[in-house]
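Presented below is the structure to which this report refers.
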Amino acid sequence: MERGIIAIDGPAGSGKSTVGKLLAKRLGYLYMDTGAMYRALAWKALSLGIPLDDEEALTHLAERVHITLSGDPDAVRVAIDGQDVTDAIRAPEISRAASIIAAILGVRRAIVAKQREMGRRGRVVLEGRDTGTVVFPDADVKFFLDARLEVRARRRFEQERARGREVSFEEILRETEERDRRDAERSASPLRQAEDAIYLDSSELSVEQVVERMLEIIRQRMPSASSRERESK
Ligand code: DC
């Protein structure tokens, strides 16, 4: 049975969020930014003063918090225990803290359980690092979206500048490299491509081109999704 689960994984800056939102909108699906959930947890841990190496306390925190993602794909609000953290979780110290706590096995177990619950009904686009390998290994379509390191760092650099952060490109390049290493080298669900995922490199493609390529593949593999897409146009 086709549930309509689309998984997009890949490294930071590969364009997953941008294309994931557009895809969810085109298909009329729910959009689940799984990284936002690790970010919300990191925000809560920092605000409670929990050390980022206290695995037991962080696991316990992950098990008891309530995280919600609400609103349309292009205007998702993220809340943890009723507090809106949508903007706060994009700060650089949260990016760093999220990648540290996401390496803890107990934290991942608790967050993955929430993601499975949220996506259980299907008709969802998930994006992250392990959505096609761990969260929904039986997803209907899996993509692995990649881009060259310099291209990803350049995108991040432009995003940060647009947010008013005074940073150098070299600094962002270093941060991106460091996060890549942590996400790929951890022992708990490291970033890797699922065997049945479709690899796309977005370095030389526009956002629209990536979305169109994905839609072509989805139309082939999930005829019911494309008929709904046509109806909603
Ligand atoms: O995609 P992002 O940059 O918002 O993710 C924040 C951090 O969370 C990132 O360093 C890796 C981690 N993450 C993860 O381990 N598994 C996911 N499915 C999504 C994100």
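Values in this document were obtained by computation on a predicted structure and should not be read as measured data. Order of appearance sets the numbers: ligands from 1, and atoms from 1 within every ligand.
- Residue-to-ligand polar distances place Arg186 within reach of ligand 1: an N/O pair is separated by less than 3.5 Å.
- The shortest N/O to N/O separation between Thr34 and ligand 1 falls below 3.5 Å.
- Using a non-hydrogen distance threshold of 4.0 Å, Gln115 does not register as a contact of ligand 1.
- With respect to atom 12 (C) of ligand 1, the closest heavy atom belonging to the protein is Ala102 CB, 3.7 Å.
- For ligand 1, the polar-atom distance check finds no N/O of Tyr38 at less than 3.5 Å from any of the ligand's N/O atoms.
- A donor-acceptor pair is defined here as one N or O able to donate and one able to accept, closer than 3.5 Å; such a pair exists between the side chain of Arg161 and the backbone of Val167.
- Inspection of the Glu127 and Thr34 side chains reveals no N or O donor paired with an N or O acceptor under 3.5 Å.
- Here the heavy atom of the protein found nearest to atom 1 (O) of ligand 1 is Arg129 NH1, 2.9 Å.
- Nearest non-hydrogen protein atom to atom 16 (N) of ligand 1 is Arg108 NH2, 3.0 Å.
- Counting heavy atoms under 4.0 Å from ligand 1, residue Glu178 does not touch it at all.
- Contacts between Glu127 and ligand 1, counted as non-hydrogen atom pairs separated by less than 4.0 Å, are absent for every part of the residue.
- In terms of polar-atom proximity, defined here as any N/O pair under 3.5 Å, Ser95 makes no such contact with ligand 1.
- At a heavy-atom distance under 4.0 Å, atoms from both the backbone and the side chain of Ser99 approach ligand 1.
- Remark: ligand 1 and Arg39 share an N or O pair separated by less than 3.5 Å (distance only, no angle test).
- No donor-acceptor contact under 3.5 angstrom links the side chains of Ser189 and Arg129, judged on distance only.
- For atom 18 (N) of ligand 1, the nearest non-hydrogen atom of the protein is Asp130 OD1, 2.8 Å.
- In this structure, Leu173 CG and Glu178 CD are separated by 12.0 Å, a value rounded to the nearest 0.5 Å.
- Taken from CG in Leu46 to CZ in Arg96, the straight-line distance is 10.0 Å, to the nearest 0.5 Å.
- Closest to atom 5 (O) of ligand 1 among all protein heavy atoms lies Gly35 CA, 3.6 Å.
- Donor-acceptor pairing under 3.5 Å is lacking for the side chains of Arg152 and Thr176.
- In this structure, Arg108 contributes its side chain and Ala102 its backbone to a donor-acceptor pair below 3.5 Å.
- Close approach to Gly128 involves these atoms of ligand 1, each under 4.0 Å from a residue heavy atom: 18 (N), 19 (C).
- Between Arg116 and Val135 there is a side-chain heavy-atom pair separated by less than 4.5 Å.
- With distances taken over non-hydrogen atoms, the option nearest atom 9 (C) of ligand 1 out of Arg156, Arg96, Arg179, Arg182 is Arg179.
- Of all the heavy atoms of Asp183, the ones lying under 4.0 Å from any atom of ligand 1 belong exclusively to the side chain.
- Taking the six-membered ring for Trp and thresholds of 30 and 60 degrees, Phe157 and Phe169 have ring planes more than 60 degrees apart, a perpendicular arrangement.
- Rounding to the nearest 0.5 Å gives a distance of 10.0 Å between CZ of Arg123 and CG of Leu30.
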Practice item. Apply side chain to side chain donor-acceptor pair (under 3.5 Å) to the pair Ser14 and Asp146, showing each step before the final yes or no. Key: CA-CA 5 Å; Ser14 57; Asp146 203 357; over 6 Å; no
